[in-house]
Amino acid sequence: MYEIVIVGGGTAGLSAAIYGVRAGRKVLVLEQKNYGGQIINSPEVENYPGIPHVSGFEFATGLYKQATGLGAEFSLEKVIRVEDKKDKKIVVTDKQSYETLSVILATGAKNRPLGIKGEKELTGAGISYCATCDGAFFRDREVAVAGGGSTALEDAMFLAGYCKKVYVIHRREQFRGEAALVETLKTRDNVEFILNAVVTGLEGKKQLEGIRLQNVETGQEWEKKVDGLFVAIGQMPDNEVFSDLVEIDEKGYIRAAEDCRTGTPGVFTAGDCRTKTVRQLTTAAADGAVAGLAACEYISSSKISAAEE
Ligand code: NAP
């Protein structure tokens, strides 16, 4: 029997694991893809306090080694559901079931697709959701990045180092991402902003050959020849399987306040998967600490109540 099972091995989940094992708890982290979560794809992280520059991969690897080195167990398994048996929870995965006293849901978020015709078919054939993974395939080519958040801006910065030309396509005049990144991009000769525009269509059957754009103010449409399209229009949560266990808001996020407690005793949530306004690496790590300690406190008080009965 575990004391804490954490669903999700990203920054929030691994931070929670560190706090759990350091408090002497038996902790298991279950992750469906790879450790590190979203940050593993960030070319460069420059806003984590105390670490001026680090790649997402380096950061995630350090976190993973820290958590497992301290004694947290880690397993690559997809969680299918969590059953609430009051004094214990059953975590069912695609491989087996685990009994645990508490659960921390730290499922993060997945990439939001553009939702246009041909997107699925051309993914991996010119369309990518990860500049650091696929950017090198587009050396000396022309690419577009869709989005106006920090991910799109960081992707554009990274791609500008490889590609002949990088078009940043954003649906508004103002960027949501960090102003400092926008200013740096403006100094790059091979970066061009296309503002107030969205990608409405894709050219090419087997391989992306170009994109169709539309100006959102005038309605004007035009085509642009590009070899690659990097989609960075944000994330969306993936919490459907927990809808019987915890309350989910209208956008799909797990409802919990800053104390990371859900309405279900013994079930906590941390990171981008919960209702919150700021989704950053720092807030994911902070949530991990809060949820990890809240789970430890829950376990201690449950054990005291059980002993008194
Ligand atoms: P984001 O901040 O949610 O930005 C998404 C961008 O895509 C926005 O500019 C949005 O436009 C645009 N967009 C959304 N749906 C669209 C659609 N259907 N068509 C066209 N454009 C669309 O997402 P993100 O950049 O992936 O960042 C996610 C979170 O991670 C944020 O909190 C971000 O600050 C954080 N992050 C942190 C770091 C770091 O700490 N180093 C790095 C990357 C990301 P509007 O602006 O018009 O809504």
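Start at 1 with the first residue, then count along the sequence. None of these values were measured; they are calculated from a predicted model. Order of listing sets the numbers, starting from 1, for every ligand and every atom in it.
Contacts between Q174 and ligand 1, counted as non-hydrogen atom pairs separated by less than 4.0 Å, are absent for every part of the residue.
Of the listed residues (H170, R171, E178, R176), the one carrying the non-hydrogen atom nearest atom 15 (N) of ligand 1 is R171. Compare E173, R279, R172 by their heavy atoms: the one nearest to atom 31 (C) of ligand 1 is in R279. When the heavy atoms of G149, S150, G234 are ranked by distance to atom 23 (O) of ligand 1, first place goes to G234.
Other residues, nucleotides and ligands place no more than 12 heavy atoms under 6.0 Å from the OH atom of Y19. By the 6.0 Å contact criterion, CD on Q174 is open, its count of non-hydrogen atoms from other residues, nucleotides or ligands being 12 or less. The number of heavy atoms from other shown groups lying within 6.0 Å of CG (D189) does not exceed 12.
The shortest heavy-atom contact between G204 and L122 is O-CD1, 3.6 Å. Minimum heavy-atom separation, D134 to S128: OD2-OG, 2.6 Å.
In the hydrophobic clustering of this structure, I127 groups with L114; members are Ile, Leu, Val, Met, Phe, Trp, Tyr whose side-chain heavy atoms approach within less than 4.5 Å, directly or through other members.
Judged by distance alone, with hydrogens and angles left aside, the side-chain atoms of Q214 form a donor-acceptor pair with the main-chain N or O of G219 at under 3.5 Å. Remark: side-chain polar atoms of S102 are paired, donor with acceptor, to backbone N or O of E3 under 3.5 angstrom.
Proximity to E154 (heavy-atom distance under 4.0 Å) selects the following atoms of ligand 1: 41 (N), 42 (C). Against a heavy-atom cut-off of under 4.0 Å, N47 is close to the following atoms of ligand 1: 39 (C), 40 (O), 41 (N). Against a heavy-atom cut-off of under 4.0 Å, Q235 is close to the following atoms of ligand 1: 26 (O), 28 (C).
On a distance-only criterion, E44 and ligand 1 share no N/O pair closer than 3.5 Å. Below 3.5 Å of separation, one finds no N or O of E46 facing any N or O of ligand 1. The shortest N or O to N or O distance between A152 and ligand 1 is not under 3.5 Å. Taking any N or O of Q280, backbone or side chain, at least one lies under 3.5 Å from an N or O belonging to ligand 1.
In terms of protein heavy-atom proximity, atom 44 (C) of ligand 1 is closest to T151 OG1, 3.3 Å. Looking only at protein heavy atoms, the nearest one to atom 7 (O) of ligand 1 is I233 CA, 3.2 Å.
Ring orientation note: the planes of F193 and F175 are tilted relative to one another, at an angle of 30° to 60°.
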